[in-house]
Number of protein chains: 2
Amino acid sequence: MKSKMTIADVAKAAGVSSSAVSYALNGKPGVSEKTRDKVLQVAEQMGWKPNSAAKALSDASTHSIGLILTYDTDVLSVESYTMELIAGLTAVFEAQGYSLLLRSSSNRQHEVSIMKEWIATGAVDALLMLNVELSDPRVALLKQYPKFPVLMLCSVEMSDGMTALSDNEKGAAHLIVDYCYELGHRHIARVAGPEMMGHTFVRDNAFLDETSELNLRYNCLHTDYSPAAGRRSVERLLSLPNPPTAIVCDNDVMALAAIRTARRLGFKVPEDLSIISWDDSFMCEINEPSVTALNRNVVGRGKRAARMLIDMAEGRPVDSYVEDDYELIFRDSSGPIDPKE
Amino acid sequence: MKSKMTIADVAKAAGVSSSAVSYALNGKPGVSEKTRDKVLQVAEQMGWKPNSAAKALSDASTHSIGLILTYDTDVLSVESYTMELIAGLTAVFEAQGYSLLLRSSSNRQHEVSIMKEWIATGAVDALLMLNVELSDPRVALLKQYPKFPVLMLCSVEMSDGMTALSDNEKGAAHLIVDYCYELGHRHIARVAGPEMMGHTFVRDNAFLDETSELNLRYNCLHTDYSPAAGRRSVERLLSLPNPPTAIVCDNDVMALAAIRTARRLGFKVPEDLSIISWDDSFMCEINEPSVTALNRNVVGRGKRAARMLIDMAEGRPVDSYVEDDYELIFRDSSGPIDPKE
DNA sequence: TTGTATGCGTTATCAC
DNA sequence: GTGATAACGCATACAA
């Protein structure tokens with residue numbers, strides 16, 4: 001009763017040849033309706049499905065898309081981005097007959113070797129690359145295999161000409177800076193992620209542009225996304241002779257840490273200091289005060305990425321795309337300030 | 001330069017036969033040391049790796065383990081369990097040459113059909129099953145294929161004799177009830193998850209046992225894990241003529257909602273009411289008050305599950321196992337109460 | 001329309 | 001120790 005069943009068994013049971021079975025099952029011509037129905041019925045009844053390895057070998061396609069996770073225990077439990085992305089990806093894959101092949105790496109070099117393996121063994125039809133960095137070794141590798149279907153989830157500036165699905169970080173920076181300006185803030189600080197990360201770099205530039213355009217004072221501190229780093233950064237910023245009146249944190253965890261720290265130092269939020277989080281989350285909603293945050297549809301991104309990946313895997317041309325659905329959710333951690341202060 | 005490279009090309013380049021290449025690469029006898037080294041060197045230099053589909057077909061093993069995710073947008077962003085589990089799984093898989101094959105389903109019936117497909121097509125060597133329910137159709141299916149390697153992440157009571165990796169829910173209930181008793185609480189309530197879920201059922205029984213043993217009053221309300229449900233449950237519990245002095249919530253989100261609700265109703269936490277969360281998380285840490293919670297090593301569970309799955313996939317006998325690392329993290333949402341009140 | 005025969009790339013068997 | 005050759009299970013071009 002094991003999966004020892006082959007197309008030949010079904011052919012025999014249905015009283016036809018193996019090619020007839022194959023044609024019937026794959027909806028291809030070359031078989032009469034009568035035979036097709038018969039075959040389909042017999043196959044269904046026997047519970048036969050084509051062996052995936054044999055099919056993959058014959059098709060030269062595994063119908064699976066690769067994703068390499070970065071195994072970082074610290075952020076695992078406080079970061080829902082990856083999970084939401086995966087949900088979006090698999091939802092579309094499911095409908096299109098694809099699977100997500102997942103592996104994890106602890107460092108970039110290992111990740112490169114997994115990619116090499118995938119390219120050499122043909123284990124995946126395409127792959128999705130996350131967290132592209134400046135002068136990323138993975139990008140260098142991919143340049144050697146220009147035909148291999150890869151989608152990069154990063155700004156086009158990082159993608160080096162390869163297909164990318166990006167966020168409108170520039171537009172997001174504009175949303176935040178404009179909002180702060182309208183509220184009367186003239187000195188904004190940003191507690192950013194690691195300097196090497198691609199999207200940090202892009203956000204850095206976007207913020208510089210937006211703040212200088214409005215003639216605002218702007219400080220930026222780079223961290224590792226941890227709450228401890230967020231705390232330290234806020235301590236430094238608020239001990240400046242002229243502290244900022246608004247702080248933008250690159251993730252929700254640091255934003256929450258920032259609020260705690262500010263309060264501990266005697267600042268009222270939002271009366272003395274506005275805090276804004278770049279990433280929205282449940283924590284931003286339920287915190288007291290709730291946290292003004294930039295929101296985007298991550299599941300939707302996963303879905304679009306899946307569609308692009310399938311197109312690429314099947315050889316259809318795919319253009320880079322910029323998502324533009326950032327919106328600022330106004331909550332209680334931000335508010336107006338007297339510009340004359 | 002594509003993956004059009006086959007073992008024959010390597011054999012030709014190395015001046016040997018294809019079988020020599022296969023032997024050399026797989027470390028099998030039947031080839032001289034000189035030829036082996038030569039072959040290895042040539043293969044390395046050419047960047048050749050055995051095609052995964054061909055290898056899978058020949059080996060009758062894909063070296064991948066299946067996992068089906070339940071696509072539930074609501075809990076996606078507030079639930080880190082799955083992500084931590086995946087991290088643990090892939091970490092071990094990585095070291096053992098396995099991959100995680102991920103698919104998602106929106107309902108049980110679909111999940112059953114994916115499992116059927118996997119069993120019939122041989123796309124995975126084994127699979128991991130989550131969230132087993134009472135009279136789960138997946139368990140019924142698996143009973144038809146007793147040889148297929150499946151690990152169930154659930155209580156042994158749910159696993160119907162199949163191999164399971166379980167939590168010591170009974171011990172956990174003991175930890176909590178004992179703690180509450182020592183603090184003077186004599187009336188405990190529990191805001192539980194859905195009644196149909198396997199671990200809810202197990203926890204229900206465990207709580208009943210523990211509370212009756214100490215002669216405590218005990219109420220239990222079943223919910224759907226949502227904050228709204230948590231809120232409603234607490235409202236009901238606290239409007240009782242004799243409200244409980246301690247409430248245990250089956251997840252962190254409901255515990256946070258419970259604290260908010262209790263305060264709104266005029267109860268002080270923890271002075272009038274202790275709140276305990278079954279699941280620990282970053283939110284429990286940073287909330288004010290921080291939330292006393294039951295903690296367990298989910299990544300570690302993933303790692304053990306991975307080892308068990310690989311053993312099963314490779315035909316080694318595997319016994320069910322009960323993890324016993326629950327610990328209660330004492331924080332500010334719980335405290336002593338005057339038993340005479 | 002149907003059945004036969006070959007390729008997909010590896011592994012493994014078996015003469016040499 | 002080495003090199004042909006037969007599985008593995010499916011798809012498909014080709015012949016009937």
Separation of atom CH2 in A:Trp48 from atom C1' in D:dG9, rounded to whole Å: 9 Å

B:Asn26 atom CG, neighbour heavy-atom count above 12 within 6.0 Å: yes

Nearest-nucleotide 5' precedence on DNA chain D, B:Val16 against A:Ser19: B:Val16

Distance test, side-chain N/O of B:Lys28 to OP1/OP2 of C:dA12, below 4.0 Å: yes

Within 6.0 angstrom of B:Lys143 NZ, more than 12 heavy atoms from elsewhere: yes

Length of the CG-P vector between B:Leu57 and D:dG9, whole Å: 7 Å

Flag for A:Glu84-A:Ser80: side-chain donor and acceptor within less than 3.5 Å: yes

Residue A:Gln41 excluded, over 12 heavy atoms near CD under 6.0 Å: no

Whole-Å gap separating P (C:dT10) and NE2 (B:His63): 16 Å

Below 4.0 Å: OP1/OP2 of D:dG9 and any side-chain N or O of A:Lys55: no

Residue whose nearest DNA chain D nucleotide is more 5′ - A:Tyr23 or A:Ile7: A:Ile7

Closest non-hydrogen atom pair, B:Arg296 against B:Asp167: NH1-OD2, 2.6 Å

Rounded distance (Å) that lies between atom C1' of C:dG9 and atom CG of B:Asp9: 11 Å

Below 4.0 Å: OP1/OP2 of C:dG3 and any side-chain N or O of A:Ser17: yes

Heavy-atom closest contact (B:Gly97 atom, B:His63 atom, distance): O-CD2, 3.6 Å

Straight-line distance of B:Met129 CE to B:Thr163 OG1, nearest 0.5 Å: 12.0 Å

B:Ser22 vs C:dT10: side-chain N/O to OP1/OP2 distance below 4.0 Å: no

Contacting residues from residues 31-43 of chain A, given that a heavy atom lies under 4.0 angstrom of DNA chain C: A:Val31, A:Ser32, A:Thr35

Between P of D:dC8 and CG of B:Asp59, the distance in whole Å: 14 Å

Rounded distance in Å - NZ (A:Lys12) to C1' (C:dT2): 18 Å

Rounded distance in Å - CG (B:Asn26) to C1' (C:dG9): 13 Å

Interatomic distance where CG belongs to A:Asn51 and C1' belongs to D:dC10 [whole Å]: 8 Å

Residue whose closest nucleotide on DNA chain C lies nearer the 5' end, B:Lys49 versus A:Ser18: A:Ser18

